[in-house]
Q: 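The structure is given below, and queries will be raised subsequently.
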Amino acid sequence: MASRGENIFSAREAVTGAIVAALEKLDIRADEGSIMLERPNDPSHGDLSCNIALVTAKKIGTNPRELAARLVEGLELDESFIDKVEIAGPGFINFSFSDRYLTGQVAAINKLGDSYGNSNLGEGIKMQVEFVSANPTGPLVIVSARAAGIGASLVHILKKAGYTVEAEYYLNDAGSQVRKLGASMMVRFRQRLGEDVEFPEDGYPGQYLIDLAVEIPEDEGRGWIKKGGDEAVKAFGDYTLDKMIAWIKSDLEGFGVEFDVFFRESALHARGAEIEEVLALYRDKGSVYEEEGAVWFRSTDYGDEKDRVLVRSDGTPTYFLADAAYHLNKFRRGFDKVIDIFGPDHHGHIARLKASAAVFGAPDDWLTVLTVQWVRLIEDGKQVKMSKRAGEFETLADLLTDVGEDAAKFFFLMRKMSAHLDFNLTLARKESDENPVYYLQYAHARICSVISYAQGEGVDFPEDSSCVELLTEPEEKELIRNLVIFPQLIEGAATSCEPHRLTTYGQQLAGSFHRFYHICRIVSSDTRLSEARLMLASATRIVLSETLRLLGVSAPERM
RNA sequence: GCGCCCGUAGCUCAGCUGGAUAGAGCACCAGCCUCCGGAGCUGGGUGUCGGAGGUUCGAAUCCUCUCGGGCGUGCCA
């Protein structure tokens, strides 16, 4: 058992342990995993609620309230953190934290600082999160921006939960898209020279290629054209690709999103090892057959809805084969778990990728594929029209200049990723109280300001933290209760891969701080109380700034 | 046709993996600054949780069916 009062888990674990022991006294077997402790919605129901009596009563032929009563009788709890146990409703057993435990947390958070909420949940587990991975054929658009915000936040959260995490971007720098890119660019260049050439039907029509074509040194471009045919297209393609990749990287950097690895598909083809190996592995398993001159993967054996082509009848590998090889490469790199965050247009790939992972022997839960849904931009209550075909779209860079990094990230993270997002540009632009991102940032800035004001008035952090026992007002307790659930929130957000939980939490925490601030004057003539409230404000600042950091949003000291 | 996602307050959405009386923000109305930051606080809600069945002590949450909306369903990537 952890030392008493040190953190929320000691209390939870102690209660769980006590319940298991009490069950044993009644000859009921239970493992700790089956004991659910939940936080009731209604504060009058205590801090932790257990439904074990409701779940178990029928099996042993009694009614829940009676079983609950017998359990409570057998409970042996440390009174330093639980001071009330009640049976309520149909048979819930409710536990309330003691004041001593709660106020002790304030001192503990101040002592732990930014490491408060760190977990060992993912200890020893090596994880990879792959996200964005947009084709390098144009600038990053708004869905990619959403994926970038979500992926980056998820990486931060997983790290805080103790996982070892690498962030990766898969660059599709091979295949027909790149040829189209090269062909498009070659036409733009020739148009720039004044030639009357028609733009290809399936080319990339955006203004950005016209702009880029201007930057190509004329002699060099003419030289590429002279190569003729595929060679010429390739020369323009290679040039454009480099520009695009640099552009994408700088956009991401501007958005404060970092990747450990940019993995190129072309490297996979150049090396060939994984691609050959995937084919060989599939053959060994009998999962491959030939039909109409192409090589097929019998992915239907693994739950896919139809079989997939691996090698075309012209002998070239498909995108899917490369992707399967890429995942084999990830597997070989020793990741215990891999998370792919896909855009909404890729969810057809999930089944076949999982199928291929099964073939190369990855455990069922090795690969998790999450999909980020579309973003609609709303301006003045109306949808902003975007047409990718016409090359008109809101890019990540546009969004950043429009609403700024913090508001963009916060808005992306307010909703669960599986839901479509209506991005309210009008609201995100506002630097006012209507904009939710400022609510959290303002709370943080306010605390920083108060702390320095207090220190100016001679109130500072005490050596002896026993003053925290003076924190007894309802607003103080509500604030502390919100601080205390932070570690659990981190674990929940990590295991469910749901960064948006932090935005909801942040708003709740900021709200409880503002209410506390309004009712309880921090700096007063009562020095000891002032010190206690200073510590509470400081603990709040620590948790707020961690929450904002995990979201990728700045925590300003002034605004 | 088949597969995946979404339907919760006027609008945009949470709802902690099945819990107790379903919650925020925005918008709207009315209050609160001689005092640590008013980008703040307080008060104001009659919701078919899209609909119908089912599972059980208990369902917005799980299952089946159904109605709307989005996406996918290439020897494109």
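When reading the values below, keep in mind they use all heavy atoms of this one structure, side chains included, and skip hydrogens, waters and symmetry mates.
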Q: Calculate the interatomic distance between A/Tyr326 atom OH and B/A77 atom C1'; express it in whole Å.
A: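 About 15 Å, once rounded to whole Å.
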Q: When all nucleic acid strands are considered with a 4.0 Å heavy-atom cut-off, which category describes A/Arg521: base, sugar-phosphate, or nothing?
A: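 Contact class for A/Arg521: base.
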Q: Quote, to the nearest angstrom, the C1' distance that separates B/G45 from B/C5.
A: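 My reading of the C1' atoms in B/G45 and B/C5 gives 31 Å.
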Q: Looking at every strand, decide which applies to A/Ala454 at a 4.0 Å heavy-atom threshold: base, sugar-phosphate, or nothing.
A: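 Nothing, no nucleic acid heavy atom in range.
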Q: Would you kindly check whether a donor in the side chain of A/His349 faces an acceptor in the base of B/A77, or vice versa, at under 3.5 angstrom?
A: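 It does, because a donor-acceptor pair links the side chain of A/His349 to the base of B/A77 below 3.5 Å.
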Q: With the 90 degree cut-off around zero defining syn, does B/C4 come out syn or anti?
A: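 B/C4: anti.
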Q: What is the distance, to the nearest angstrom, from the CD atom on A/Gln508 to the P atom on B/A24?
A: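 To the nearest whole Å, that distance equals 10 Å.
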Q: Look at the side chain of A/His347 against the base of B/G3 and say whether a donor-acceptor pair falls under 3.5 Å; ignore hydrogens and angles.
A: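 Checked by distance alone, the answer is yes.
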Q: Strictly by Watson-Crick or wobble contacts shorter than 3.5 Å, is anything paired with B/G37, and which nucleotide is it?
A: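 Answer to the pairing question: none, since B/G37 forms no Watson-Crick or G-U pair.
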Q: Taking the side chain of A/Leu54 as its heavy atoms from C-beta onward, which of B/A77, B/G19, B/G38 lies nearest to it?
A: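 Taking heavy atoms from C-beta onward, the closest nucleotide is B/G19.
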Q: Using a 4.0 Å heavy-atom cut-off, does A/Ala445 contact any base of the nucleic acid, only the sugar-phosphate backbone, or nothing at all?
A: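 Base contact - A/Ala445 has a heavy atom under 4.0 Å of at least one base atom.
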Q: Do A/Phe131 and A/Phe342 have ring centres separated by under 6.0 Å?
A: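 Between A/Phe342 and A/Phe131, which both carry aromatic rings, the centre distance is not below 6.0 Å.
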Q: Give a yes/no answer on whether the side chain of A/Asn424 brings an N or O atom under 4.0 Å of OP1 or OP2 in B/C26.
A: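 For B/C26, neither OP1 nor OP2 has a side-chain N or O of A/Asn424 closer than 4.0 Å.
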Q: Contact class for A/Thr503 vs. all strands (heavy atom < 4.0 Å): base, sugar-phosphate, or nothing?
A: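 Here A/Thr503 touches no strand at all.
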Q: Using the side chain to side chain donor-acceptor pair (under 3.5 Å) rule, take A/Ser530 and A/Arg521 through it: C-alpha gap first, then chi angles, then the decisive distance, then the call.
A: CA-CA 8 Å; A/Ser530 299; A/Arg521 188 169 170 89; over 6 Å; no
Q: Go through the side-chain N and O atoms of A/Ser49 and A/Glu38 and say whether any donor and acceptor fall under 3.5 Å apart.
A: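 Not at all, the side chains of A/Ser49 and A/Glu38 share no donor-acceptor pair under 3.5 Å.
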Q: Contact class for A/Glu557 (heavy atom, under 4.0 Å): base, sugar-phosphate, or nothing?
A: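 Base contact.
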Q: Take the protein atom CG of A/Asp304 and the nucleotide atom P of B/G72, then report the distance between them rounded to whole Å.
A: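 After rounding, the gap between these two atoms is 17 Å.
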Q: How many whole angstroms separate atom CD of A/Glu38 from atom P of B/G18?
A: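 Computing the A/Glu38:CD to B/G18:P distance gives 9 Å.
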Q: Searching all strands shown, indicate the nucleotide that pairs with B/A24 (Watson-Crick or G-U wobble; both distances under 3.5 Å).
A: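 When the pairing criteria are applied, B/U12 turns out to be the nucleotide that pairs with B/A24.
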Q: So, OP1 or OP2 of B/G15: does either fall under 4.0 Å of a side-chain N or O from A/His500?
A: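 True: A/His500 side-chain N/O within range (under 4.0 Å) of B/G15 OP1/OP2.
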Q: Is the distance from OP1 or OP2 of B/C5 to the nearest side-chain N or O of A/Ser418 less than 4.0 Å?
A: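 Checking B/C5 against A/Ser418, no side-chain N or O comes under 4.0 Å of OP1 or OP2.
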Q: Would you indicate what A/Ala88 reaches in the nucleic acid, counting non-hydrogen atoms under 4.0 angstrom: base, sugar-phosphate, or nothing?
A: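 The residue A/Ala88 makes base contact.
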Q: Does a salt bridge link A/Arg533 with A/Glu476, judged by any charged N lying under 4.0 Å from a carboxylate O?
A: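 Yes, A/Arg533 and A/Glu476 are salt-bridged.
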Q: If we require ring centres under 5.5 Å and near-parallel planes under 30°, does A/His518 stack on B/G40?
A: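 Answer is no, no stack.
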Q: Using atom C1' of each nucleotide, how far apart are B/G70 and B/G50 to the nearest Å?
A: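 These two C1' atoms come out 16 Å apart once rounded.
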Q: Looking at B/C65, which nucleotide sits across from it as a Watson-Crick or G-U wobble partner, both distances under 3.5 angstrom, or is there none?
A: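 Partner of B/C65: B/G51.
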Q: If you take atom types as modelled and just measure distance, does the side chain of A/Ser313 reach the base of B/C75 with a donor-acceptor pair under 3.5 Å?
A: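 Checked by distance alone, the answer is yes.
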Q: What integer distance in Å separates A/Ile93:CD1 from B/C57:P?
A: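 Spelled out: CD1 on A/Ile93 to P on B/C57 is 18 Å.
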Q: Just checking A/Pro344: base, sugar-phosphate only, or nothing, at a heavy-atom cut-off of under 4.0 Å?
A: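 Contact class for A/Pro344: sugar-phosphate only.
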Q: Taking 4.0 Å as the cut-off, does a side-chain nitrogen or oxygen of A/Lys306 come that near to OP1 or OP2 on B/G74?
A: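 Affirmative; the distance criterion is met.
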Q: Could you check whether the rings of A/Tyr170 and A/Tyr326 sit parallel, tilted or perpendicular, using 30° and 60° as the cut-offs?
A: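 Parallel.
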Q: May I ask you to say what A/Arg558 touches in the nucleic acid, namely base, sugar-phosphate or nothing, with a heavy-atom cut-off under 4.0 Å?
A: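 Base, at least one base heavy atom under 4.0 Å.
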Q: Do A/Arg446's NZ or CZ and the ring of A/Tyr517 fall within the cation-pi criteria of under 6.0 Å and 45°?
A: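 The answer is yes; both the distance and angle limits are met.
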Q: Please work out if A/Cys50 contacts a base, only the sugar-phosphate, or nothing of the nucleic acid, heavy-atom cut-off 4.0 Å.
A: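 Nothing: the residue A/Cys50, judged by heavy atoms under 4.0 Å, touches no strand.
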Q: Using the P atom as the point on both nucleotides, what is the distance between B/G47 and B/A9, in whole Å?
A: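 Going atom to atom, P in each nucleotide, I get 11 Å.
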Q: Would you measure the distance from the P atom in B/C13 across to the matching atom in B/U56 and give it in whole Å?
A: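 Roughly 36 Å separates the two P atoms.
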Q: With nearest nucleotides of RNA chain B determined for A/Arg415 and A/Gly293 from heavy-atom distances, which residue corresponds to the more 5′ nucleotide?
A: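 Whichever sits nearer the 5' end wins; that is A/Arg415.
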Q: Can you check B/U17 for me, syn or anti if syn means within 90° of 0?
A: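 It is syn.
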Q: Separation of A/Gln373 atom CD from B/C13 atom P, in whole Å?
A: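 From A/Gln373 CD to B/C13 P: 12 Å.
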Q: For atom C1', what is the distance between B/C33 and B/A39, given to the nearest Å?
A: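 The same atom, C1', in both gives a distance of 15 Å.
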Q: Between A/Tyr439 and B/C41, is there a contact of a side-chain N or O with OP1 or OP2 at under 4.0 Å?
A: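 Yes, such a contact exists.
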Q: Provide, to the nearest angstrom, the distance between the CD atom belonging to A/Gln507 and the P atom belonging to B/C13.
A: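 Going from CD in A/Gln507 over to P in B/C13 covers 14 Å.
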Q: On a whole-Å scale, what distance lies between the P atoms belonging to B/A22 and B/C16?
A: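 Their P atoms lie roughly 15 Å apart.
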Q: On a plain distance test, is the side chain of A/Asn51 in donor-acceptor contact with the base of B/G19 below 3.5 Å?
A: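 Indeed, a donor on one side and an acceptor on the other fall under 3.5 Å apart.
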Q: Is the distance from OP1 or OP2 of B/C13 to the nearest side-chain N or O of A/Lys416 less than 4.0 Å?
A: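 False: A/Lys416 side-chain N/O out of range (4.0 Å or more) of B/C13 OP1/OP2.
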Q: Hey, does A/Asn41 reach any base, or is it just sugar-phosphate, or nothing, if we go heavy atoms under 4.0 Å?
A: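 Touches a base.
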Q: Give the intermediate values and the outcome of ring pair (Phe, Tyr, Trp, His ring centres under 6.0 Å) for residues A/Tyr442 and A/His514.
A: CA-CA 10 Å; A/Tyr442 181 72; A/His514 287 309; 5.8 Å; yes
Q: Counting just side-chain N and O atoms, does A/Arg312 come under 4.0 Å of either OP1 or OP2 of B/C76?
A: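 So the side-chain polar atoms of A/Arg312 do come within 4.0 Å of the phosphate oxygens OP1 or OP2 of B/C76, strictly under.
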Q: Round to a whole Å and report the spacing from CG of A/Leu48 to P of B/C16.
A: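 It is 17 Å, rounded to the nearest whole Å.
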Q: Taking B/G43 as the reference, what is the distance to B/C6 when you measure between their P atoms (whole Å, please)?
A: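 To the nearest whole Å, 34 Å.
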Q: Between A/Ile522 and A/Asp422, name the one whose nearest nucleotide on RNA chain B is closer to the 5' end.
A: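 Here A/Asp422 is the residue nearer the 5' end.
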Q: Look at the side chain of A/Arg39 against the base of B/C16 and say whether a donor-acceptor pair falls under 3.5 Å; ignore hydrogens and angles.
A: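 Indeed there is one.
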Q: Any strand is fair game: report the nucleotide pairing with B/C71 by Watson-Crick or G-U wobble, both distances under 3.5 Å, or none.
A: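 Checking every strand shown, B/C71 finds its partner in B/G3, with both distances under 3.5 Å.
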Q: Is there a donor and acceptor pair closer than 3.5 Å between the side chain of A/Asn94 and the base of B/A20?
A: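 Under the 3.5 Å cut-off, the side chain and the base do form a donor-acceptor pair.
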Q: What class does the angle between the rings of A/Tyr289 and A/Trp296 fall in, given that below 30° is parallel, 30 to 60° is tilted and above 60° is perpendicular?
A: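 Parallel, since the angle between the ring planes stays under 30°.
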Q: Reckon A/Glu292 touches a base, only the sugar-phosphate, or nothing at all at heavy-atom distances under 4.0 Å?
A: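 It contacts base atoms.
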Q: Taking only side-chain nitrogens and oxygens of A/Ser449, does any of them come within less than 4.0 Å of OP1 or OP2 of B/G37?
A: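 For A/Ser449, the contact criterion (side-chain N or O under 4.0 Å from OP1 or OP2 of B/G37) is met.
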Q: So, the side chain of A/Thr16 versus the backbone of A/Arg12: is there a donor-acceptor pair under 3.5 Å, distance only?
A: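 Yes: the side chain of A/Thr16 pairs with the backbone of A/Arg12.
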Q: Say you pick atom P in B/G10 and the same atom in B/C71; how far apart are they, in whole Å?
A: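 After rounding to an integer number of Å, I get 27 Å for this pair.
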Q: If you count the non-hydrogen atoms of other residues, nucleotides and ligands that lie under 6.0 Å from CD in A/Glu557, is the total more than 12?
A: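 Open.
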Q: Tell me if the side-chain of A/Ser49 makes a donor-acceptor pair with the base of B/A20, cut-off 3.5 Å, by modelled atom types.
A: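 Indeed, a donor on one side and an acceptor on the other fall under 3.5 Å apart.
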Q: Identify the nucleotide, in any strand shown, that forms a Watson-Crick or G-U wobble pair with B/A59, with both distances under 3.5 Å; if there is none, say none.
A: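 The base-pairing partner of B/A59, which may sit in any strand shown, does not exist here.
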